[in-house]
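Notes follow the structure.
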Amino acid sequence: MKRIGLYIHIPFCLQKCAYCDFYSIPGRDEALQKRYINALTLHMKTLSTTMEDRVFDTVYIGGGTPGLLTAEMLTTLINGINDNFKLTEDAEITLETNPAVADEAKFRVMRSLGINRLSMGMQSSEESVLRTLGRLHTFDQFAETFREARRAGFENLSADVMYALPGQTVDGLLETIRSLIALSPEHISMYGLKVEENTPFGRLGGKLSLPDEDIQCEMYERACDLLETEGYHRYEISNFVKDGYESRHNLRYWQREEYLGLGPAAHSFVDGVRYSYPRDIMAYITALEQGSLTATDSLIRITPAEAEAEKIMLGLRLAEGIIATAELLKKCENYLRYGFMKRKGERIAFTTKGFLVSNTILAELLDD
Amino acid sequence: MTNQKNIRNFSIIAHIDHGKSTLADRLLEKTQTVSKREMEEQLLDNMDLERERGITIKARAVKLDYTAPDGELYTLNLIDTPGHVDFGYEVSRSLNACEGALLVIDASQGIEAQTLANAYLAVDSNLEIVPVINKIDLPSDDIERCRREVEDVIGIPAEGCPAVSAKAGINIEDVLEAVVLDIPAPKGDPDAPLKALIFDSYYDPYLGVVVYIRVMDGTLRAGQRIRMMHAGSEYDVVEVGTLTAFGLHKEDSLSAGEVGYITASIKTVADTQVGDTVTLVERPTDEPLPGFKKALPMVFSGVYPADGSRYGDLRDALEKLQLNDASLSFEPETSAALGFGFRCGFLGLLHMEIIQERIEREFNLDIITTAPSVVYKITRRDGEVVFIDNPTGYPSPDEIEEAAEPMIHANIITPVEFVGGIMDLCQDRRGVFQDMKYLDTTRTELHYEMPLNEIIYDFFDALKSRSKGYASLDYEFSEYKKSKLVKLDILLNGDIVDALSFIVHEEKAYGRARKICEKLKENIPRQLFEIPVQAAIGGKVIARETVKAMRKDVLAKCYGGDITRKKKLLEKQKEGKKKMRQLGSVQVTPEAFMAVLKMDDDN
């Protein structure tokens, strides 16, 4: 049977962070949340027949902040998944959460529902940086939540940190990483800040004072070194892991395996087609309540040429890189010579230096 | 046919912005040639660009029917002229088609460099000059000062000359009366052999070239065979007529003193050169009219499509523009840096800007232009004299016996308080002071001899910025003078970029080299490799900068399986790349080229 992953988007947050342009609605509208979970359940029901020939071996409940859903809502959601889709015994089931939105009791419920991996937003250990980002928690609250999750029985925990932030220094970033490593997570994601339009940061424009290019490079390089030294190896441009704890769901994206995405702004890749639902929760809910399904935003059948380009674009995010054709190898000659890439047998992969300018190089490689 | 004594042929001459076109509008309106309702603003200037810049690029003519207060009906032919120095020859031909000229002066500005230059042209053509003081509705007007200035500076009586507001429509009748009373009627012989002056022409896809003429002597009818005396070509006249505000009006004939058009299935304006004389093949005149000159381009520049695949479109655009502009010359050229393009010759800087703007606007083409160059006169060791309009073709120093560059006479009029700064500027541009005259207590006229080479970059902008916009400039070619010239090459990553080479005076080379390297450093995007930017004379590097290597670009997440963000980011990157020119291993944006061309004067 074909294997597939499931992504469920939970577009709720207590508050929007200053850098975030993902689709989520700030506030605590529990009635809306409930309606939304029901809509998701309806959606899964309509898909259960279509998905009969597939088995789900990863589930990722992302957002937003899914951790803020009540234990009751989470139960409805997971039951919905189990009622309509076949999951493998060892399915990786991840839920995203933020400090101080869930306590040990809720974590225990999650565990009992079969959720076996948590991804938590830490971002920084520096209080001033957290305030600049518009985060609602302190580092201590993060550490406390992290320990609660452990006590509730989670054996696979991941945390996000960010670099290239306004007011951040290289030392500050390294301190953040040390504080995190002290908690011994299995998985660490480290994302560089990308200022997006239509976010408070984006609106600040040039007034936002970011570390300069050289500092940003130093941050990435030194953080990678530190993580490596501490036993976290980089398996993707932004992801570090203790052996054996790679995010199986996220690997799907980079290895171009199938995934089904539910909810507004959720993306799917099924049967060679990529599509997504509009960023409009009410349209999504209303359509499902009326027994239909909201139209997709885009529906693109990936051509063989596009598939090849995607393989390069996505595969080169991985530290193991991709198997290079002779043609690609030729194009990469200079990058290999000047240390932007390295070759391991038939595979080529970016070096740290190359990862930092990967967008420029990819544009070059994919130019036809 | 109108009796010659009731014909008046006249031009309006003025400095830019002194209200020439507005006055022309009012005359059309007042003579009811065009009603107010039909009036498009500034009807005579019917090119978009002209309207925006407020200048007239091509001459136009229009016939006005005017009934004077004494009941006589007059035919007034208004011949519009370009107001800019680049078109000096065209102006002089238009003036030769007239017996008089209205000299429009802005009451608040007084006489400016172009007022003077055009007034002298009119005097040279033996025209009766009627000063018209304009903009008297503005609070800062100073009519009496203006009159005095006209009398003192130009030396023509201005007592009782019309003082008007073209904008507000005040005293327009006075202008019409002055035209009838002060400007003489033409005195040609309608029975003599035909002698007609070509003062403009344009290409019409249905009629072929429409030639604007002023008949000096003789009479011309459809069906007659004509000869262009300088071009030597012959045609059968298809149609003759007069020029009305609404277009061509067919007539049976055109006679001595009249202004009108002919069509004769002529395919290109290059065959109808301004200043040429039209005569009849059957009964030709002995001598052509004096003053014919072939329009010679003074400024050359390479023009390339920003997108190399649009070379063919660029050629079409240039061909179409040339149909109506015989003074535009172009021939194919190839640059290692910019690919296929054209070497274009222009009358001057404004002409160049206009053509470039029209290519971009009317033909929707993005273009890259190389630094403008003048024509250098090189005597080789073997005695051969060559004219070089492209730095690429500049001989190596050991082949050159003597190099000479074109000089101009510059005439600058400025309020006295800016004289110091302007003299410094002229000095800096290798100008040689000739004389200085006070026009009145507040304004001065400066004469310099300068190399044209120093004018074509940013002289005009620098002049404006040093005089808060008040100084005005006019210039004319004088002669070639021996000069110490060098060719400066720009190297990116060790390779010469041919499109960036230019000729410069030895003393200026170092300063320019340093500045260009700095400009390039600012404008070349960081790339994966460090890029040395060097300026060299004959292999010797005299300035150097380095574009540091890019170390980090934007990393997009692929969160939640949304790979569209990453794709968009890559598309954006590729878009940016498309706009860039690959020069060897270096990518350069068109902006970098432009930055080198637009050297701001910041000293």
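This is a predicted model, so every value here is computed, not measured. To find a chain, count down the sequence lines: A is the first, B the second, and so on, and within it residues start at 1.
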Heavy-atom proximity to chain B below 4.5 Å, by part of Asp212(A): neither
Salt-bridge contact Lys548(B)-Glu213(A) (side-chain N to carboxylate O under 4.0 Å): no
Where Ile563(B) and Tyr259(A) come nearest, the two heavy atoms and their spacing: CG2-OH, 4.3 Å
Most contacts with chain B, counted as non-hydrogen pairs under 4.5 angstrom, among Leu362(A), Asn334(A), Asp214(A), Ile361(A): Asp214(A)
Other residues, nucleotides, ligands: >12 heavy atoms within 6.0 Å of Phe363(B) CZ: yes
Exam field: side chain Asn359(A) to backbone Asp553(B), donor-acceptor pair closer than 3.5 Å: no
Proximal component of Arg274(A), with respect to chain B [non-hydrogen, under 4.5 Å]: side chain
Arg565(B) and Lys194(A), any side-chain heavy atoms less than 4.5 Å apart: no
Spatial distance of atom NZ (Lys567(B)) from atom CD (Glu306(A)) [nearest 0.5 Å]: 5.5 Å
Approximate separation, where rounding is to 0.5 Å, of Thr360(A) OG1 and Arg526(B) CZ: 12.0 Å
Tyr275(A) atom OH, over 12 foreign heavy atoms within 6.0 Å: yes
Side chain / backbone / both / neither for Glu196(A) at chain B, heavy atoms under 4.5 Å: side chain
Pair Glu221(A) + Arg551(B), salt bridge at N-O below 4.0 Å: yes
Nearest heavy atoms of Phe340(A) and Leu528(B), plus distance in Å: CZ-O, 3.7 Å
Side-chain donor/acceptor of Lys574(B) to backbone N/O of Leu366(A), under 3.5 Å: yes
